[in-house]
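Notes follow the structure.
Quick note on labels: first sequence line is chain A, next is B, and so on, each numbered from 1. Please read these numbers as outputs of a predicted model, since none were measured by experiment. Just so it is clear, the values below take in all heavy atoms, side chains as well, and ignore hydrogens, waters and symmetry mates.
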There are 2 protein chains.
Amino acid sequence: MTGITQLGFALLGLINQQPMSGYDLRKVFTTTALGSYSDSPGAIYPALKRLAGRGLVRGSVEKTGALRTRRVFTITPAGLTAFKAWLKRPVTRQDIVRNVDDLLLRFAFMDQALGARHSLRFLEQFAEQVVNYIPELREFVAAHRAEMSVSGRLALECGIEGYRQRLEWARSSIAIYQRRK
Amino acid sequence: MTGITQLGFALLGLINQQPMSGYDLRKVFTTTALGSYSDSPGAIYPALKRLAGRGLVRGSVEKTGALRTRRVFTITPAGLTAFKAWLKRPVTRQDIVRNVDDLLLRFAFMDQALGARHSLRFLEQFAEQVVNYIPELREFVAAHRAEMSVSGRLALECGIEGYRQRLEWARSSIAIYQRRK
DNA sequence: AATGTCATGTAACTAGTTACATGATTTA
DNA sequence: TAAATCATGTAACTAGTTACATGACATT
């Protein structure tokens, strides 16, 4: 266990893109709606404190003339190492079943932090896992079709279609990366 | 605020379909992977206790001969009222942005608890909100395209395609309900 | 003068995670 | 007899939510 939460990794990734204050990070979450992370100060400031306590980010007070002092956070070498280790985690079935959105967040940061070659490898793993998972879901529907209400079945089918769409997305994204090589 | 968590509503919905023990509920979460709810006893048993404490479910000890006593939970009239109120909540932009999966869970229970007419209304609200949200995302990509990495842009596009797919799903589901009338 | 935005934080509460405990019954 | 499954629960920890506090500067 790394002891870093999903929010923690999201913060690390954004700070890695460019140094930012807690307020800036909050704005990113409110305005871009990337992922479903909280923009509440009660989540972000303590999370930054934890990261700083582990030496993964460093906050330096910035006094740009008039306004209240901002703490601008920068990622440390240790922070970058931990962040890259997170990005490099293999794509597991568990991730596909429970945290697809988290995988997409990881992928979003990948090009910049690890380079296109790794992004391509990620997509291949992603596609493979989704390919394996879809038939499982289809079998489940086939087996339980009789006992399900219409809305129950439709909801499940929406989920399956979602995986099919992500698989197509992964394949066309793989093609984009391969064309670039 | 109702003070009932997402997990709480999921449990209420399943118990409403048919009375079940904590162990049965855990199995549902492990085997069906509907939503991303925990199958850990440390989540489910306390949640059931809270529901029982509020009088939303009632647990009765069942002694089917040999095995250890099971507590089978049944939904109470108050529980059913609270559950239906949850299902009837309007579909907001917030739900679309942050909790699409929770909306799908609500929809899955809808036919049985409220009838097809309400499911249809839900789908119409859902489609409307998604229709409004997609252009926002497209504009965001258009505005930030230059600053984004390839994987960053692709991740966002995967999200947008996901909404497009759900919109199509909602429309074809609406058609299914209308044909039935 | 009042409101809004920049900016950081804390405190109380709540619920979920992980890990453990218990014990009976069935199967290998 | 050892292991797996049925079945329920607790305890310690952690992190996120909501709401509040503070205060300077900018705008109306």
**Complete:** When every non-hydrogen atom of A:Tyr177 is compared with those of B:Leu154, the smallest separation belongs to CE1-CD1, 3.8 Å
**Prompt:** B:Thr74: what forms a side-chain contact (heavy atoms from CB on, under 4.5 Å) with it, not counting sequence neighbours?
**Reply:** B:Pro19
**Asked** Is the distance from OP1 or OP2 of D:dT14 to the nearest side-chain N or O of A:Thr5 less than 4.0 Å?
**Response**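 So the side-chain polar atoms of A:Thr5 never come under 4.0 Å of the phosphate oxygens OP1 or OP2 of D:dT14.
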Please report, to 0.1 Å, the donor-acceptor pairs under 3.5 Å made by any side chain of residues 157-164 of chain B, with sequence neighbours excluded.
unit_1, atom_1, unit_2, atom_2, d
B:Glu157, OE2, B:Arg153, NE, 3.3
B:Glu161, OE1, B:Arg164, NE, 3.2
B:Glu161, OE1, B:Arg164, NH2, 3.0
B:Glu161, OE2, B:Arg164, NE, 3.2
B:Tyr163, OH, B:Ile96, O, 2.7
B:Arg164, NH1, B:Glu168, OE2, 2.9

**Asked** Under the side-chain hydrogen bond (donor to acceptor under 3.5 Å, both in side chains) rule, what pairs show up with a residue in residues 12-29 of chain B, not counting sequence neighbours?
**Response**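 Counting only pairs at least two positions apart or across chains, the side-chain hydrogen bond (donor to acceptor under 3.5 Å, both in side chains) contacts touching residues 12-29 of chain B are B:Ser21-B:Asp24, B:Ser21-B:Arg70, B:Asp24-B:Arg70.
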**Item:** side-chain hydrogen bond (donor to acceptor under 3.5 Å, both in side chains) pairs, two or more places apart, involving residues 131-145 of chain B
**Value:**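 Those involving residues 131-145 of chain B are B:Arg93-B:Glu136.
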**Message:** Suppose we screen for side-chain hydrogen bond (donor to acceptor under 3.5 Å, both in side chains). Which residues come up paired with A:Thr92, at least two apart in sequence or across chains?
**Reply:** A:Asp95
**Request:** Tell me, please, which residues at least two apart from B:Asp101 pass side-chain hydrogen bond (donor to acceptor under 3.5 Å, both in side chains).
**Result:** none
**Message:** Tell me the interatomic distance from A:Leu7, atom CG, to D:dT17, atom C1', rounded to whole angstroms.
**Reply:**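 Taking CG of A:Leu7 and C1' of D:dT17, I get 13 Å after rounding.
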**Request:** Take atom CZ of B:Arg70 and atom P of C:dA24, then tell me their distance rounded to the nearest Å.
**Result:** 18 Å
**Prompt:** For the helix from C:dA1-D:dT28 to C:dA28-D:dT1, how many degrees between its two end axes (five pairs per end), to the nearest 10°?
**Reply:** 30°
**Selection residues 107-130 of chain A - residue pairs positive for salt bridge (charged side-chain N to carboxylate O under 4.0 Å, His left out), sequence neighbours left out** = none
For residues 40-57 of chain A, run the donor-acceptor check on the side chains, cut-off 3.5 Å, and write out each pair with its distance to 0.1 Å, sequence neighbours left out.
unit_1, atom_1, unit_2, atom_2, d
A:Ser40, OG, A:Ser38, OG, 3.1
A:Ser40, OG, A:Ala43, N, 3.4
A:Arg54, NH1, A:Thr2, O, 3.1
A:Arg54, NH2, A:Gly3, O, 3.3

**Prompt:** From B:His118 NE2 over to B:Leu123 CG, what is the distance, rounded to the nearest 0.5 angstrom?
**Reply:**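 Those atoms lie 11.0 Å apart.
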**Prompt:** Among residues 88-96 of chain B, which residues get a heavy atom nearer than 4.0 Å to DNA chain D?
**Reply:**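 Under 4.0 Å from DNA chain D: no residue of residues 88-96 of chain B.
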**Message:** Counting only heavy atoms and a strict 4.0 angstrom limit, can you tell me which residues of residues 16-25 of chain A come near DNA chain D?
**Reply:**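 Residues of residues 16-25 of chain A that come under 4.0 Å of DNA chain D do not exist, since none gets that close.
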**Item:** Minimum-distance nucleotide to A:Arg50 side chain [options: C:dA7, D:dT8, D:dG16]
**Value:** D:dG16
**Message:** Under 4.0 Å, heavy atom to any atom of DNA chain C: which of residues 36-43 of chain A qualify?
**Reply:** A:Pro41, A:Gly42
**Minimum side-chain heavy-atom gap A:Arg166-A:Phe126 below 4.5 Å** =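 Contact flag for A:Arg166/A:Phe126 side chains = yes.
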